[in-house]
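One structure below.
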Amino acid sequence: MTDTIAYSGWIGENNIGDEAIYLANTKLFQNYQFSNIDYLNERDNVLIGGGTVLPKTNPIDSQKQDAEFVAAIGVGASSPEFWNQRFSQVDLGYYLGKRGHGSVLDSRYVQYLLRPIKELSNTVTSSNHYLSESDFRCLREYQLDYLGVRGPETQSLLSKYNIDSKIVGDTALILTPDKYYTNKQNRICIVLRDGKYQWSKNDNYISTVVDLCNSYSDTYKFIFMPFYPPDISLNKKAAARVENASFIDFCSFMNVRGAINEISKCDLVIGDKLHSNVLAACTYTPFVSLEYRPKNLDFARSVGMEEYNIRTDQVTSANLTEKVDSALHDDTLIEDIKENVSEKRSKLKEFATCIAKNF
């Protein structure tokens, strides 16, 4: 009988990034049966497969209590610098979290009571986003059996709280396209995100991206690709504002392989969503990362692409054009990405092998 892994990850929500992480784990642990941890009563072996889940993973304490072995691979840690800011005029997560009561907002009953207020006003937010030192202390005390992280930003943050980890790369880097395209295709993929909790307090940077696309439209074809259903409308509308642009949807009916292959045909990805950049790296396609949260920088640094990362609140026509021009015309960039990705793939395989030996 095949051994079962209790898989902890955000799956079934039509998010290309999270589904890519899941597929990557099934590739790394081919001899195991995966089952959603939420539906398992017996959890001998727990695998936290990736995503920015630390320190408030879902939740480590309940997983550790009844599991013999808990491992995390390719995960990221949330940045207190980012998450401990106020995101709206009435940010309940900020006010309650600062006073040590943020967990109140995890209650479904409390969220149900707050729903009418949030629907009537866009100035109220109520997620439990505030990070305290106790969150990291609890993570340290749980003592995960294996902790492999996405990149150097996560490792540095965890080390401040005396939590040891090994950089292995984003789990989805293990995925490959059906074909690598080495010749110029004159195609650029755009992946935009529609949502809150980001560096930028407005969507001005999206207009800057659209303007840049129009300035390149005589030479390049643009493919707008949402990675999550709530982003579909934004990407479709943006595509309509750009000459020589098309819209393609791989998330309504999940097709991770289709997204990877489409990106592989492009010369460049300009991506808000973290895993648009990860899948670009999988195909050795240069990317310009629009850092909506610090996790984008964490990944960019992990594959030597921090030079091509811009915070969304710092995007200008000048710096975006500079980075796009550089990425399109740097003859060594593809080889640099290939070398860095190959290194991370080796580390992911080695780390997965070590985990599997202890299941």
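Please read these numbers as outputs of a predicted model, since none were measured by experiment.
Between Glu19 and Ile11, the closest side-chain pair of non-hydrogen atoms falls below 4.5 Å. A 4.5 Å side-chain heavy-atom check between Val303 and Val278 finds every atom pair outside the cut-off. Pro294 places a side-chain heavy atom less than 4.5 Å from the side chain of Trp199.
The environment of Lys338 atom NZ is sparse: at most 12 non-hydrogen atoms of other residues, nucleotides or ligands sit within 6.0 angstrom. The 12-atom threshold is exceeded at CD of Glu141, counting heavy atoms of other residues, nucleotides or ligands nearer than 6.0 Å. Enclosure of atom NZ in Lys160 is not indicated, since only 12 or fewer non-hydrogen atoms of other residues, nucleotides or ligands lie within 6.0 angstrom.
Checked by atom type, the side-chain pair Asn186/Tyr216 shows no donor-acceptor distance below 3.5 Å. With 3.5 Å as the limit, one finds no donor-acceptor pair spanning the side chains of Thr208 and Asp211.
Of the options Asn255, Asn235, Ile223, a side chain to side chain contact (heavy atoms under 4.5 Å, CB included) to Ile248 is made by Ile223 and by none of the others.
Under the 30°/60° scheme for interplanar angles, the aromatic rings of Trp83 and Tyr197 are found to be tilted.
The existence of a salt bridge linking Asp249 and Lys236 is excluded, since no basic side-chain nitrogen approaches an acidic carboxylate oxygen closer than 4.0 Å. Residues Arg193 and Asp231 are not paired through a salt bridge, judged by the lack of any N-O separation under 4.0 Å between the basic side chain and the carboxylate.
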